[in-house]
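First comes the structure, then the notes that go with it.
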Amino acid sequence: MNGVVHLGQLVLAEILKLQSRTSARAGWLALALLGALPPAFLAMMGDATVTAGGGPVQFDLSAANGVRWALVVRNFYIAQTFLLLLGAQSLAGEYQARTLREDLLRPVPRWAVLGAKWGALSAWSGVAVALQWVVAVVVSVLLLGSEGDATWKAVFLGHLAAWLCDTSFAAVVLLASAATRTATGTIAAVFLFVALDKFLGWILWIGKGIRDSLPLDVSEQVPAVVDWLLVASPYLPSRAWGIWSEVSLSEPPVLQSWLSLVGITLLAALATERIFARTDVP
Amino acid sequence: MSTLALVVRGLNRRFGSREAVRELNLSVRQGDVYGFLGPNGAGKTTAMRCILELIQRDSGTVQIFGDTGRAARRHVGAIVEAPSFHGWLSGRANLQLACAYAGISRAKAGAETDRVLERVGLLHRGKDRASTYSHGMKQRLAIARALLGPPRLLMLDEPTNGLDPQGMREVRELVRSLALHDQITVFLSSHLLSEVQAICNRVGILSQGELRVEGDVSTLLAGEASPTHVVEIGTPEPTLLEQHISGWPEITLEGPGREGRRRLRVQGLEIPQLVQRLVEAGVPLQSVVPEQRNLEDVFLEVTSGSPR
């Protein structure tokens, strides 16, 4: 059989398997509900004003902004938590349950098994994004108006970008799965990775603040390498996985973050393939 | 000359300082039902995993019907240790997933699934969740999965492990039938010697990671592979017999035999030579009963001294 066709068949088989898991269906349900709640909350807020940046700010009560709110809430690690759980079950969980062994007894290259699992996780995320979009649009159009700053195009593209970010995150989850070979190890490793990334981002932010406040004579003595490091924050995974935010607000794209998104995904895929190719399967 | 289904040459695998498999060479002919024997921890499962590329080998080559690597696995259906399933899916759904991995198109997967389910007698339970299957049914479902394709070589690792006598008999009959009617070459790892003797035509015995003996079961049972015989001697003068054999290093008194006979183990001496020597020594003989060797005798001779 043609190799490409076979890979497609593997992806489809993994999608069917993944969608049959209770956790996958629970994730879709939860994210669909999340499509309804933020626009409903925004509608409840009505004309309320909040103080931000030293002055009163009114909410943008447009339907497009309601949908964007749903996207923001979704990406507050909710969709990623489900992806992490499913990714851990899909590779490390199957390694532990020995079901992965049954697949590898067949004449399939190991990279294709990984590709199929990544494809299935990406498909799950795609369905989750689409479900949430549909629910959020319906609720927002019913409860909110059409006047506001948010645009439908930007919010739609923001959803597409969020899906891209999910596929990149899924690649990292599979890397953690291949490296730790246990579902709990995968979850712990990804949590640690995200925490370290956030910590590093915080350090860079503090460092940049200190650097900018240095007197000129001291500032000139700072080695160039420090300056290079301090402008590295757009490359951090957390920034790369957050590009959906800029896209949904029609802000100009941060090229470094897009490059980082592609780089993280490719590096994770390559490292996972190398590790998995050498893994003894019990 | 018969086609070789499986050829393993110089296979080695080490875990740390322990050599799990050492210079393993074996050949399985097409049509064989090959018994791969060895005590627990001898390296049987490790060798099978190396052959199936589940784990890496340190050195050595494996050919299956002349092919190597992934192409070789196209010819194989296998069960390694306790089979695993996605318990929340039906037996049929598990097999259809396996079809995708076996490269069987979706159009053909339904018919192929029905074929293998029927072959193992599980067609009526195909829609039930795999988690509701009994141990014996899971084993049959695993065989069904291994039969997808269908394979030319079936590799089964302890296929009757944990089954009740009825389940063991069913699996044994199934394996026999697959070899006989479906012309599938079978490579069967087991430590159940009676099972292997009942269904295999060739065996290889592994001990401490090394293949100690390989050959046809009939040849091994005839004793050609080993110069040892066990024989029971009936005599009215057992004391005289014992006196004489105490001076002959090739003969060991094992103890009392049946019906008052003495049980002897004879090394490097054929039975007619033993009889001649006893007669010449003046030992009156009433009966000479050579003991029929079974696979257990061969196994114990080959593996004696190896840790269990």
Side-chain angles (χ1 to χ4, degrees), chain A residues 1-26 86 89-117 119-120 123 181 183 274-282, chain B residues 13 15 20 45-46 48-58 64 67-90 93-109 129-130 141-142 145-146 148-149 151 154-155 157:
Chain A
M1 185 181 283
N2 181 306
V4 176
V5 174
H6 193 185
L7 180 60
Q9 200 181 340
L10 291 185
V11 175
L12 189 59
E14 285 293 329
I15 289 173
L16 291 174
K17 183 167 67 184
L18 190 71
Q19 64 84 33
S20 70
R21 288 183 188 272
T22 309
S23 46
R25 292 175 182 187
L86 290 171
Q89 285 178 332
S90 167
L91 187 61
E94 290 199 14
Y95 177 91
Q96 286 179 289
R98 308 281 195 260
T99 45
L100 187 62
R101 173 187 66 202
E102 310 296 345
D103 296 337
L104 295 178
L105 287 170
R106 297 292 168 183
V108 284
R110 291 192 176 193
W111 64 261
V113 176
L114 289 174
K117 290 187 185 298
R181 299 181 212 171
R274 287 292 81 203
I275 292 171
F276 195 48
R278 289 165 169 74
T279 299
D280 283 347
V281 176
Chain B
R13 173 65 205 229
F15 293 107
T45 301
T46 302
M48 281 186 74
R49 286 193 177 128
C50 284
I51 291 168
L52 292 164
E53 297 184 324
L54 288 174
I55 63 176
Q56 295 186 64
R57 35 184 191 259
D58 295 333
I64 299 174
D67 286 326
T68 59
R70 191 153 52 87
R73 294 209 302 278
R74 278 187 297 131
H75 305 296
V76 186
I79 300 178
V80 179
E81 286 196 319
S84 303
F85 300 96
H86 303 291
W88 73 93
L89 294 176
S90 68
N94 270 284
L95 293 181
Q96 283 178 333
L97 275 177
C99 280
Y101 276 86
I104 299 165
S105 69
R106 278 177 68 78
K108 292 179 184 163
R129 285 184 174 203
L141 186 63
R145 184 166 55 191
L148 289 169
L154 194 58
M155 297 186 73
D157 185 17

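Just so we're on the same page: letters track the sequence lines, and every chain starts at 1.
- Residue Leu100(A) does not touch chain B at all, counting heavy-atom pairs closer than 4.5 Å.
- At a 4.5 Å heavy-atom cutoff, the contact between Ala146(B) and chain A is made by backbone atoms alone.
- Considering all non-hydrogen atoms of both residues, Arg70(B) and Val108(A) come closest at CD-C, 3.4 Å.
- In terms of modelled atom types and a separation under 3.5 Å, the side chain of Gln56(B) and the main chain of Arg278(A) share a donor-acceptor contact.
- Taken from CG in Leu97(B) to CZ in Arg106(A), the straight-line distance is 11.5 Å, to the nearest 0.5 Å.
- Thr99(A) places no side-chain N or O within 3.5 Å of a backbone atom of His86(B) that could act as its donor or acceptor partner.
- In this structure, no portion of Ala71(B) lies under 4.5 Å from any heavy atom of chain A.
- Between the side chain of Gln96(B) and the backbone N or O of Ala13(A), no donor-acceptor pair lies under 3.5 Å.
- For chain B, the nearby part of Arg110(A) is the side chain; its heavy atoms alone come within less than 4.5 Å.
- In this structure, chain A has heavy atoms under 4.5 Å from both the backbone and the side chain of Val80(B).
- In this structure, the salt bridge (Lys or Arg N to Asp or Glu O under 4.0 Å) partners of Arg21(A), at least two apart in sequence or on a different chain, are Glu94(A).
- Arg57(B) does not touch chain A: none of its heavy atoms, backbone or side chain, sits under 4.5 Å away.
- Shown here for Tyr101(B) and Pro107(A), the closest heavy-atom pair between the two residues is O-CD, 4.1 Å.
- Side chain of Glu102(A) to main chain of Ala98(B): no donor-acceptor pair is present (N/O by atom type, distance under 3.5 Å, no hydrogens or angles).
- Judged by distance alone, with hydrogens and angles left aside, the side-chain atoms of His6(A) form a donor-acceptor pair with the main-chain N or O of Ala100(B) at under 3.5 Å.
- In this structure, the side chains of Arg145(B) and Leu105(A) stay at 4.5 Å or more apart for every pair of heavy atoms.
- For a residue to count as touching a neighbouring chain, one of its non-hydrogen atoms must lie under 4.5 Å from one of that chain's; by this rule Thr279(A) touches chain B with the backbone only.
- The contact between Arg49(B) and chain A is made entirely by side chain atoms (from C-beta outward), counting heavy-atom distances below 4.5 Å.
- Of the listed residues (Lys17(A), Arg98(A), Arg101(A)), the one with the most heavy-atom contacts under 4.5 Å to chain B is Arg101(A).
- The CG atom of Leu104(A) lies 7.5 Å from the CZ atom of Arg73(B); values are rounded to the nearest 0.5 Å.
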